[in-house]
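This is a predicted model, so every value here is computed, not measured.
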Amino acid sequence: MPGKIKTKKELKDIISSLNKQGKRIVFTNGCFDILHYGHIKYLQDAKGLADVLVLGLNSDSSVKKIKGPARPINKQLDRARVLSALSCVDYLTIFSEDTPLGLIRLIQPDVLVKGGDWQTEKIVGADFVKARGGKVLAIPYIKGYSTTKLINKIHSSRLF
């Protein structure tokens, strides 16, 4: 895949090279269905924690499992293209598994982050990252920003 969007195999090779260069890697994951300011701030904050931000993007099938049959609104490749246009995102890969644990084990990040609604000890992969001497953090949400609330607002406006 071109640009920042990588297969897991490509990402493994890139991570190996980054590790040899002494670069610190931060990893996060999510659906990022309709991108809004809360997402942007979250990703910028995550990037500020290390040299390289790697993003695991939930596939369309996994978004349906998490968010329900009406989601995602935007298809996985479209979401990946939009996210890859952000300067704070260095690499991203799409995953279909129920959790990003396999991806976390592949990347072996120095820092693992999720949004503020997660308790750090319940973040998938936290034990793995901590056992390697890494940090696990929850980045606080900015109130008022939610894809679900945005979708509900659009529905209630009766514009469509």
Subject >> Sequence-distant partners of F32, ring pair (Phe, Tyr, Trp, His ring centres under 6.0 Å), two or more places apart >> reply: H39

**OP:** Quick one: list whatever passes side chain to side chain contact (heavy atoms under 4.5 Å, CB included) with K143, sequence neighbours left out.
**Re:** none

Subject >> Spatial distance of atom CD1 (I5) from atom CD (E10) [nearest 0.5 Å] >> reply: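 Going from the CD1 atom of I5 to the CD atom of E10 covers 10.5 Å.
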
Original post:
What distance separates I104 CD1 from F27 CZ, expressed to the nearest 0.5 Å?
Top reply: 5.0 Å

Original post:
Under 4.5 Å between any side-chain heavy atoms of K130 and V136, yes or no?
Top reply: yes

**OP:** Evaluate the side-chain proximity of V26 to T28: yes if any heavy-atom separation is below 4.5 Å, no if none is.
**Re:** no

Original post:
Who passes salt bridge (charged side-chain N to carboxylate O under 4.0 Å, His left out) against D13, sequence neighbours left out?
Top reply: K9

Would you give me the side-chain donor-acceptor pairs under 3.5 Å for residues 109-122, sequence neighbours excluded?
residue	atom	partner	partner atom	Å
D110	OD2	I25	N	2.7
K114	NZ	N29	O	3.0
D117	OD1	Y141	OH	3.2

Original post:
Just wondering, more than 12 heavy atoms not from K153 lying within 6.0 Å of its NZ?
Top reply: no

Under the 3.5 angstrom rule, does the side chain of [X] hit a backbone N or O of [Y] as a donor-acceptor pair?
| X | Y | value |
| --- | --- | --- |
| R79 | L57 | no |
| K4 | L86 | yes |
| S16 | K12 | no |

Consider only side-chain heavy atoms of I, L, V, M, F, W and Y, link residues closer than 4.5 Å, and tell whether [X] and [Y] are in one cluster.
| X | Y | value |
| --- | --- | --- |
| V82 | Y42 | yes |
| V129 | I107 | yes |
| L137 | V124 | no |
| I14 | L103 | yes |

What pairs of donor and acceptor atoms, side-chain ones from residues 68-78 against any protein atom, are under 3.5 angstrom apart with sequence neighbours left out?
residue	atom	partner	partner atom	Å
R71	NE	D33	OD2	2.7
N74	ND2	D33	O	2.9
Q76	OE1	D60	N	2.9

Original post:
For K41 and I142, which heavy atoms make the closest approach, and how far apart are they?
Top reply: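 In this case the closest contact between K41 and I142 is CG-CD1, 3.2 Å.
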
Which atom pairs, donor and acceptor, lie under 3.5 Å between side-chain atoms of residues 87-101 and protein residues at least two apart or in another chain?
residue	atom	partner	partner atom	Å
D90	OD1	K47	NZ	3.2
D90	OD2	K47	NZ	2.5
D90	OD2	L53	N	2.7
T93	OG1	K6	O	2.7
S96	OG	S59	OG	3.2
E97	OE1	K8	NZ	3.2
E97	OE2	K8	NZ	3.0
D98	OD1	K65	NZ	3.2
T99	OG1	L101	N	3.3

